[in-house]
Amino acid sequence: MESYVLVLGVSVYDIFGFTDQSYRDKDSNPGRVGVSFGGVCRNIAENTARVGVNTKFITVVGDDEKGKSLLEDAKEKKLDVDDSLIIPGGSTPTYMAILDDQGEMQSAIVDMKITDLMTTEFVDSKSSIIENSEYMVLDVDNPIILEHILTKYSGKTRFIVDSVSAAKVLRVKHLINNLHTFKPNRHEAEVLCGFPIVSKEDVKKAGHYFRNLGIENVFISLDEDGIYYNNGIEEGVVKANGIPVINVTGAGDSCVAGLVYGYSKNLSIKDTVKYAIAMSAITISHKQTIHPDMGCELVEQYLRDLSWDEVEF
């Protein structure tokens with residue numbers, strides 16, 4: 001059987017309305033409407049597939065037109081979604097927002113009720129897929145599902161978790177010792193460690209804190225200061241300079257995908273970080289959450305062209 005990475009999480013059908021002029025409340029506003037597909041885990045899965053990683057993605061959708069289009073798009077991106085949960089008569093997770101002519105959100109509606117139907121029983125029906133995966137990628141949006149998977153399938157696969165937000169990651173603090181890879185940002189790491197991360201000594205202290213919990217690979221995103229890494233043997237910070245920024249949405253998702261790629265190719269931890277940063281740099285250089293040209297060739301170009309600072313501790 002060909003090795004694969006399993007990603008489990010939510011897909012979202014995003015609808016955005018942009019007004020052409022100042023937003024008028026309780027009135028019809030001339031503008032344009034766009035549709036895209038989102039969700040942290042869906043974005044991670046698409047990015048891993050785009051760089052050639054054999055990826056299975058398990059999500060939950062309705063059998064409506066939104067769900068069908070989400071699954072069809074995934075298959076076009078070479079994502080295996082055959083084991084996803086499809087709810088008859090269900091409404092696919094949907095986010096609908098109205099933004100004014102300055103790009104500021106004026107209102108939004110979120111329809112995510114269907115995600116409650118991804119139960120622990122459903123997860124266990126996919127036990128062989130979980131146990132045969134090289135790595136399993138999760139986020140912390142559903143703490144019940146996360147706790148079930150991290151405890152029941154501990155030692156059966158290697159878990160990579162995207163922390164999503166400080167508030168959400170606190171709810172699963174007691175579980176992070178089950179992780180192979182953890183990638184918090186600076187604020188999320190501060191909340192978990194209980195001290196501010198300002199200096200080199202602070203980030204080293206945080207890295208050692210997570211390593212001492214039993215996490216094999218620790219990556220802390222330091223925003224413009226780069227990414228700190230620690231696998232118990234190698235430790236340091238890698239930073240790329242002069243990256244143009246158009247839209248930071250999705251940068252964390254592509255970063256996780258870059259880590260997955262590095263693992264799949266047995267890259268060193270430093271080269272894995274550089275690949276993740278290159279994928280993030282590509283992502284934030286485009287208005288879309290996932291760069292339409294994301295792929296190995298573009299990443300290799302960025303790896304060559306970016307100016308790198310590398311510090312080993």
* Asked: Does any donor atom in the side chain of S163 or E188 lie under 3.5 Å from an acceptor atom in the other side chain?
  -> yes
* **Residue K78 excluded, over 12 heavy atoms near NZ under 6.0 Å** => no
* Asked: Would L70 and I109 show up in the same hydrophobic cluster when neighbours are defined by side-chain heavy atoms closer than 4.5 Å?
  -> yes
* To do: Give me the one residue out of V299, V256, L298, T48 that meets side-chain contact (heavy atoms from CB on, under 4.5 Å) with M279.
  => V299
* Is it the case that D253 and N47 place a side-chain donor and acceptor less than 3.5 Å from each other? -> no
* Asked: Do K270 and E310 meet the salt-bridge criterion of a basic N to acidic O distance under 4.0 Å?
  -> yes
* To do: Decide yes or no on salt bridge (charged side-chain N to carboxylate O under 4.0 Å, His left out) for K265 and D271, but give the supporting numbers first.
  => CA-CA 10 Å; K265 299 298 182 181; D271 286 341; over 6 Å; no
* To do: Considering only NZ, NE, NH1 and NH2 on the basic side and carboxylate oxygens on the acidic side, decide whether E46 and R50 come within less than 4.0 Å.
  => yes
* Structure fact -> Checking M105, Q21, Q106, R24 against D100 for side-chain contact (heavy atoms from CB on, under 4.5 Å), the one that qualifies is Q106
* **Gap separating the CG atom of D80 from the OH atom of Y4, nearest 0.5 angstrom** => 9.5 Å
* S11 and F57, any side-chain heavy atoms less than 4.5 Å apart -> yes
* To do: Group every Ile, Leu, Val, Met, Phe, Trp and Tyr by side-chain heavy-atom contacts under 4.5 Å, then state whether M294 and V53 land in the same group.
  => yes
* Asked: Please walk me through it: do D64 and Y13 pass side-chain contact (heavy atoms from CB on, under 4.5 Å)?
  -> CA-CA 11 Å; D64 52 7; Y13 190 92; over 6 Å; no
* To do: Answer yes if L267 and V273 sit in the same cluster of Ile, Leu, Val, Met, Phe, Trp and Tyr residues linked by side chain heavy atoms under 4.5 Å apart, and no otherwise.
  => yes
* Heavy atoms, side chains only, cut-off 4.5 Å: are I114 and P93 in contact? -> yes
* To do: Please examine the side chains of Y302 and I277, heavy atoms only from C-beta on, and report whether any two atoms are closer than 4.5 Å.
  => no
* Asked: Is the closest side-chain donor-acceptor distance between Y229 and N231 under 3.5 Å?
  -> no
* Asked: Step by step, would you call F210 with L213 a side-chain contact (heavy atoms from CB on, under 4.5 Å)?
  -> CA-CA 5 Å; F210 290 121; L213 290 176; 4.2 Å; yes
* Y263 and N217: side-chain donor and acceptor closer than 3.5 Å? -> yes
* Asked: Are I149 and F159 close enough, and set up right, to give a side-chain contact (heavy atoms from CB on, under 4.5 Å), and what steps lead you there?
  -> CA-CA 9 Å; I149 292 172; F159 298 113; 3.5 Å; yes
* CD1 on I233 to OG on S268, rounded to 0.5 Å -> 11.5 Å
* Does one hydrophobic cluster hold both I269 and Y275, with members joined at side-chain heavy-atom distances below 4.5 Å? -> yes
* With hydrophobic residues grouped by side-chain heavy-atom distances under 4.5 Å, do I282 and I246 end up in a single group? -> no
* To do: Please determine if R42 and D73 form a salt bridge, counting it only when a charged side-chain N lies under 4.0 Å from a carboxylate O.
  => yes
* Spacing of I290 atom CD1 and I44 atom CD1 [to the nearest 0.5 Å] -> 10.0 Å
* To do: Taking the side chain as every heavy atom from C-beta outward, state whether K205 and I197 have any pair of such atoms under 4.5 Å apart.
  => no
* To do: Please say whether more than 12 non-hydrogen atoms of neighbouring residues, nucleotides or ligands are located less than 6.0 Å from NZ in K173.
  => yes
* Asked: Do NZ/NE/NH1/NH2 and the carboxylate oxygens of E201 and K204 come within less than 4.0 Å?
  -> no
* Straight-line distance of L259 CG to I227 CD1, nearest 0.5 Å -> 6.5 Å
* Could you tell me whether the side chain of C296 reaches within less than 4.5 Å of the side chain of Y261, counting heavy atoms only? => yes
* Look at atom CD of E224 and say whether more than 12 heavy atoms of other residues, nucleotides or ligands are closer to it than 6.0 Å. => yes
* To do: Evaluate whether atom CE of M96 has more than 12 neighbouring non-hydrogen atoms of other residues, nucleotides or ligands under 6.0 angstrom away.
  => no
* Asked: For the atom pair CE (M136) and CG (L6), what is the distance rounded to the nearest 0.5 Å?
  -> 4.5 Å
* **K152 bridged to D124 by N-O distance under 4.0 Å** => yes
* **Chi angles and distances behind the side-chain contact (heavy atoms from CB on, under 4.5 Å) call for I15, V33** => CA-CA 7 Å; I15 305 170; V33 175; 3.9 Å; yes
* For the residue pair L150 and L138, establish whether any side-chain heavy-atom pair is separated by less than 4.5 Å. => yes
* Asked: Are K66 and T94 close enough that a side-chain donor and a side-chain acceptor fall under 3.5 Å?
  -> yes
* Asked: Any chance CD1 of I144 has more than 12 other-residue heavy atoms, nucleotides or ligands included, within less than 6.0 Å?
  -> no
* Please report the shortest heavy-atom distance between A240 and L306, naming the atom on each side. => CB-CD1, 4.1 Å
* Distance-minimising heavy-atom pair for V172 and P143 -> CG1-CB, 3.9 Å
* Structure fact -> d(C193 SG, D202 CG) to nearest 0.5 Å is 10.0 Å
* To do: Compare every heavy atom of K168 with every heavy atom of V140, then report the nearest pair and how far apart it is.
  => CG2-CB, 3.6 Å
* To do: Take atom NE2 of H148 as the centre, draw a 6.0 Å sphere, and report whether it contains more than 12 heavy atoms from other residues, nucleotides or ligands.
  => yes
